[in-house]
Amino acid sequence: MKWYDSAVFYHIYPLGLCGCEKENTGKQEHHFDKLKQWAKHVQEMNFTAIYIGPLFESVGHGYETTDYKKVDCRIGTNEEFKEYVSYCHELGLKVIVDGVFNHVGRRFFAFEDVKAKREQSPYCGWFCNLNFGGNNEYNDGFCYENWGGYNLLVKLNQRNPEVQNYLFDVIRFWVSEFDIDGIRLDAADVLDFDFMKAMRNLANGVKEDFWLMGEVIHGDYSRWANDDTLHSVTNYELHKGLYSGHNDHNYFEIAHSIKRLNGLCGGRRLYTFVDNHDVERIASKLNNKEHLKLVTMLLYTVYGIPSVYYGSEFGIEGRKERGSDWNLRPCLELEQMPKEGLPELCKQLGALKKEYKELSEGQYQELLLTNRQFAFGRVLSDSAVVTALNNDDSEAVLEINAPVGAAYAVDLLKGAKQVEYQNGHLRVTLAANSGTILLLTNEEGKKQQTEKGCLAEEKKEVKTDSPEEKAVSCESIPEAKQQASAGASWQPKLEGFGIMVKDMKAMVNFYHDVLGFDVEYQDGMRHVSLKKDGVLFMMYGWDDFESMTSQKYQHIEGLIGHYEIALAVENFAAVDAAFHETVGKGAKPILPPSLMEWGQKTCYIADPEGNMIEIGSFNE
């Protein structure tokens with residue numbers, strides 16, 4: 001997995017964070033010491049990458065670049081930025097910068113040349129739709145294509161080979177001089193596609209795992225995020241749903257966006273955020289501030305690359321005023337920020353993202369969806385991380401079918417009032433406007449990380465007239481390490497086996513008439529026991545096969561085997577030891593060691609291909 005696929009980004013707008021002047025007067029300032037202080041904060045909060053920008057010399061807000069190879073003098077110097085990147089790398093943080101390649105500022109050298117020499121300038125072809133018969137508000141005596149209707153931003157002609165070579169040389173300079181790890185492409189939704197594909201070819205060779213992420217607002221994101229163009233794009237669609245889905249108590253909006261985008265982008269991870277330097281703060285957009293934690297849990301656990309905008313880990317607010325974005329880009333002092341509440345959650349979530357590969361590699365699976373409750377899993381073959389959310393003003397109980405067969409359910413955030421895990425089913429009680437994150441695992445050590453970890457107390461369905469089974473509580477089941485220290489051993493003895501058949505009558509006739517087995521019908525020919533040479537052989541009808549495999553136990557890949565083996569061991573302790581050892585060596589846990597009404601202690605596992613194995617003993 002590439003570094004960016006498991007990254008958690010921290011987005012810094014340096015001109016704002018550092019309190020720089022809004023207009024560049026040419027005065028040299030030095031703010032990288034402050035930015036280093038924040039980089040340390042970023043590391044301590046368990047982020048793994050920083051997106052910082054705009055960074056290079058400009059006139060005002062930073063996106064009207066005038067010199068791509070000079071750090072904005074309001075922020076610092078080239079040497080200071082080089083030291084900053086090195087410091088971040090020492091902290092284990094990747095660094096990406098803004099690449100504003102769609103347009104430049106009016107003081108950019110090539111545009112200054114056009115203003116001075118008009119049609120005689122060798123740079124006329126660098127800009128789109130120059131018209132020397134027109135004019136503009138600057139009284140240039142000509143007009144040109146811009147970005148967003150702002151003549152402050154002069155659109156570059158990215159199809160011009162000279163422009164391409166110039167910008168690619170800029171990228172090489174950024175890598176060789178500063179050692180950056182990637183670029184966020186501003187206004188990627190209006191960049192030329194051939195230009196971006198050529199840039200991707202450059203990125204593949206300029207530095208290992210060099211990352212390109214594009215700012216795209218609307219459209220089919222897969223047009224930009226693919227193997228030939230960019231690695232990822234901004235997920236504005238989900239950004240909108242994350243706040244409106246909570247304000248409207250409508251988790252269907254969020255779930256629909258997640259599924260649509262996962263399908264559209266073919267598993268490619270999108271850059272996911274709740275706010276940034278261009279949109280109002282999430283804390284200002286949510287009607288209920290208690291939903292901040294729910295939105296943050298979603299941000300970190302949905303399929304994507306999460307990013308937090310500086311200050312939003314503290315829940316600060318910010319709205320646009322009179323069309324200005326500066327309120328979204330405040331100067332902050334780290335020592336004045338709160339330490340409890342939302343910052344603690346962000347730190348916890350970052351730690352979970354680092355520790356549990358399910359949150360980076362796991363496939364997304366929707367598990368429960370109503371207007372006000374939502375649960376989904378990030379699923380690997382034998383483990384999953386489940387996010388459970390309640391945006392209602394009342395307590396809610398979420399009934400969730402587990403996406404994998406696992407021995408333990410662990411409340412990683414300890415955010416639920418109660419968690420019950422039995423028979424492949426999760427019952428999660430959440431307080432009003434709260435949520436939590438659960439781990440489903442077979443690893444005993446992870447269960448012990450929290451007091452809420454509990455061994456699954458599953459019950460095996462019985463279709464005969466046998467008495468119902470009673471599973472013992474999880475607290476009474478010996479742990480594997482305790483068994484090992486007590487010298488517990490187990491020697492399995494084959495008691496019999498069974499196979500699943502489609503045509504019971506034809507199979508029984510064959511085994512009885514041709515092979516000479518003794519036959520005893522059970523439950524109206526649903527089960528048949530056959531004996532030969534002291535060995536019991538069972539046949540089960542197809543209905544039993546369906547109930548004993550994927551439909552009952554809900555393994556995401558299904559229990560696909562067609563036979564069941566019954567093994568006997570010496571005593572109760574041996575059942576415990578057999579269960580823990582086999583699960584530790586690749587078996588799927590189906591039913592943990594449980595004491596049945598008729599006195600037998602039994603566990604059920606499945607072999608690596610999904611065939612059922614029963615292990616039991618009548619001796620304590």
Side-chain angles (χ1 to χ4, degrees), residues 13-16 18-29 53-75 97-170 184-192 195 214-215 217 276-279 320-329:
Y13 183 88
L15 293 170
C18 298
C20 301
E21 294 293 330
K22 293 181 175 59
E23 296 295 328
N24 191 338
T25 63
K27 179 183 177 181
Q28 183 67 60
E29 299 180 41
L55 193 69
F56 297 98
E57 191 77 351
S58 67
V59 175
H61 52 58
Y63 288 98
E64 65 283 72
T65 311
T66 57
D67 190 339
Y68 286 99
K69 294 186 178 182
K70 179 179 182 294
V71 170
D72 196 305
C73 65
R74 293 172 289 174
I75 301 171
V97 301
D98 256 316
V100 189
F101 298 151
N102 177 69
H103 47 264
V104 294
R106 288 172 48 82
R107 296 181 189 172
F108 182 63
F109 81 95
F111 191 73
E112 292 276 12
D113 194 83
V114 171
K115 286 194 295 181
K117 300 177 182 177
R118 295 177 58 82
E119 294 93 337
Q120 305 306 314
S121 171
Y123 299 107
C124 287
W126 280 43
F127 305 101
C128 292
N129 296 320
L130 278 178
N131 178 4
F132 290 100
N135 205 349
N136 57 30
E137 69 269 33
Y138 297 101
N139 199 29
D140 289 325
F142 61 91
C143 57
Y144 47 85
E145 187 174 342
N146 59 39
W147 179 87
Y150 300 101
N151 276 323
L152 178 69
L153 307 173
V154 188
K155 184 169 176 62
L156 285 169
N157 178 11
Q158 297 123 35
R159 297 195 68 83
N160 184 325
E162 292 181 2
V163 173
Q164 289 189 12
N165 290 336
Y166 174 83
L167 294 176
F168 293 165
D169 180 64
V170 166
R184 177 263 194 190
L185 291 168
D186 183 64
D189 44 8
V190 290
L191 288 176
D192 179 77
F195 168 69
E215 180 195 26
I217 312 299
N276 60 30
H277 63 299
D278 287 329
V279 300
K320 296 187 179 187
E321 288 189 4
R322 302 183 186 89
S324 171
D325 292 333
W326 284 108
N327 276 357
L328 313 177
R329 309 163 180 179

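Numbers for residues simply follow the sequence, beginning at 1. The model shown is predicted, which means the values in this text are computed figures rather than measured ones.
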Q) Has Lys115 got more than 12 heavy atoms of other residues, nucleotides or ligands less than 6.0 Å from its NZ? A) yes

Q) Between the side chain of Asn24 and the main-chain N/O of Ser58, is any donor-acceptor distance below 3.5 Å? A) yes

**Q.** Donor-acceptor under 3.5 Å (Arg118 side chain, Gly141 main chain)
**A.** yes

Q) Backbone N or O of Glu57 within a donor-acceptor pair of the Thr66 side chain at under 3.5 Å? A) yes

Q. Salt bridge between Arg184 and Glu215, side-chain N to carboxylate O under 4.0 Å?
A. yes

Q: Establish, from distance only, whether the side-chain atoms of Lys320 and Asn327 form a donor-acceptor pair under 3.5 Å.
A: no

Q.
I'd like to know if the side chain of Tyr68 reaches the main chain of Val100, judged simply by a donor and an acceptor atom lying under 3.5 Å from each other, with no hydrogens or angles considered.
A. yes

Q.
Is it the case that the side chain of Arg107 and the backbone of Asp67 share a donor-acceptor pair, with hydrogens and angles ignored and the cut-off at 3.5 Å?
A. no

Q: Taking atom types as modelled, find out whether Asn165 and Asp169 have a side-chain donor-acceptor pair closer than 3.5 angstrom.
A: no

(Q) Below 30° counts as parallel, above 60° as perpendicular, anything between as tilted: where do the rings of Phe127 and Phe108 land? (A) perpendicular

**Q.** Test item: Tyr123 side-chain N/O and Glu112 main-chain N/O as donor-acceptor pair under 3.5 Å
**A.** no

Q: For the pair Trp147 and His103, name the ring-plane relationship: parallel under 30°, tilted 30 to 60°, perpendicular over 60°.
A: tilted

Q: Check for a donor-acceptor pair, side chain of Asp113 on one end and backbone N or O of Ala116 on the other, with a separation under 3.5 Å.
A: no

Q) Do the side chain of Asn131 and the main chain of Phe142 share a donor and acceptor less than 3.5 angstrom apart? A) no

Q: Please lay out, stage by stage, how Phe168 and Phe195 fare under the test ring pair (Phe, Tyr, Trp, His ring centres under 6.0 Å).
A: CA-CA 10 Å; Phe168 293 165; Phe195 168 69; 5.6 Å; yes

